[in-house]
Protein chains: 2
Amino acid sequence: MAPANKEQVMSFRGRVWIDGKEGTFIGYGRVVLLERILEHGSITKAAKSMEMSYRHAWDLVDSMNRQAGKPFVELATGGKGGGGAMVTENGKKAIKVFWRFHRDLQAFLKREEKRLKL
Amino acid sequence: MAPANKEQVMSFRGRVWIDGKEGTFIGYGRVVLLERILEHGSITKAAKSMEMSYRHAWDLVDSMNRQAGKPFVELATGGKGGGGAMVTENGKKAIKVFWRFHRDLQAFLKREEKRLKL
DNA sequence: TGACGTTATTCCCTGTGATATATTACGCTT
DNA sequence: AAGCGTAATATATCACAGGGAATAACGTCA
């Protein structure tokens, strides 16, 4: 019979993000939003696809664009289809860097859980 | 002349905590609270010392005690001085484990910032 | 038995962050 | 010139976490 390992229902959790001049610059939600914009071509559709209000989505995009040296998203108002949103090369790079950061964190958490485990 | 390294005002940030059966179990605020209780011997004084409401502090202590196998804090109502709060050995261990976890995260963040830096 | 200081618990109230709603601006297309 | 779908912006509404106040319960000590 196994020694009934106490109650190991504990899990080591964590979050990471990148701060800029105005506070949060790149985080989980923002990167998912960027990917949805990449997929749908508009803030409106991207926001709907992840059950986020348009206003919130627009604020996030605006915040990123203001803090980035070169914008992550190019916005077009009016025109064919009423306008739209396009993720720039710079934005795509940010997505890659963040996911790498995020993946590294998951590995870190696994290691810590093994090492400490209370 | 140095090559004017764009605007490197970005910093890699993160938070860690430990989840239990009911959600958050141990986190930064909770550990600081434990230390203050250790120092002052009562929830009331500990809460005041960190500008936290008694109610909130009590909730946190209760949450930790319910989720821990053996309580982190022993509470006494009535008696000499009206009662008080004592951090148990188990609680002290939790403090140590969390600070280790937290310090490791800081090191992790430094490494990542060097490696990725966007 | 009364006083004391703390834990324990309830109720109300407010600030605030988010959502929802509405309106305007925009520029291509027909 | 009208229509379309989007961006951009302002206003109103809602939800809820958190604080504050108030009260009861508790057990030792004088």
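Since this is a predicted model, take the numbers as computed values, not measurements. All values below come from the heavy atoms of this structure, side chains included, with hydrogens, waters and symmetry mates left out. Residue numbering restarts at 1 for every chain, and letters A, B, ... go by the order of the sequence lines.
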Separation of D:dT6 C1' from A:I37 CD1 (nearest whole Å): 13 Å
Can you tell me the distance, in whole Å, between the OH atom of A:Y54 and the P atom of C:dT23? 17 Å
Tell me: NZ of A:K80 to P of C:dC28, nearest whole Å? 11 Å
As a test of understanding, state which of B:W17, B:F101, B:F25 forms a ring-ring contact (aromatic ring centres under 6.0 Å, His included) with A:F12. B:F101
Which is more 5' along DNA chain D, the nucleotide nearest A:L75 or the one nearest A:G79? Just name the residue. A:G79
Just how far, in rounded Å, is C1' of D:dG20 from CD of B:E51? 15 Å
Is the shortest side-chain N/O distance from B:T44 to OP1 or OP2 of C:dG5 below 4.0 Å? no
Mind calculating the distance between CG (A:N65) and C1' (D:dA8) to the nearest angstrom? 14 Å
Among C:dT7, D:dA10, D:dA7, the one nearest any side-chain atom of A:I43 is D:dA7
Is there a side-chain polar atom (N or O) of A:K45 under 4.0 Å from OP1 or OP2 of D:dG5? no
What is the distance, to the nearest angstrom, from the CG atom on A:D59 to the C1' atom on D:dA10? 12 Å
Under 4.0 Å from OP1 or OP2 of C:dT19: is there any side-chain N or O of A:S53 that close? yes
Record whether the side chain of B:R55 comes under 3.5 Å of the base of C:dT7 through a donor-acceptor pair of N or O atoms. no
Parallel, tilted or perpendicular: which describes the rings of B:F98 and B:Y28, with under 30° parallel and over 60° perpendicular? perpendicular
Report the distance from atom CD of B:E74 to atom P of C:dT7, rounded to the nearest whole Å. 14 Å
Quick check on DNA chain C: between B:A85 and A:G78, whose nearest nucleotide comes earlier from the 5' end? B:A85
Check the phosphate of D:dA7 against A:W58, side-chain N and O only, distance under 4.0 Å to OP1 or OP2. Yes or no? no
Between A:E112 and B:R100, is there a donor-acceptor pair closer than 3.5 Å when you use the side chain of the first and the backbone of the second? no
side-chain contact (heavy atoms from CB on, under 4.5 Å) partner of B:F108, chosen from B:R111, B:K110, B:Q106: B:R111
Do A:R30 and A:S63 have side-chain N/O donor and acceptor atoms under 3.5 Å apart? yes
For the pair made of NZ in B:K48 and P in C:dT7, what is the distance, rounded to whole Å? 10 Å
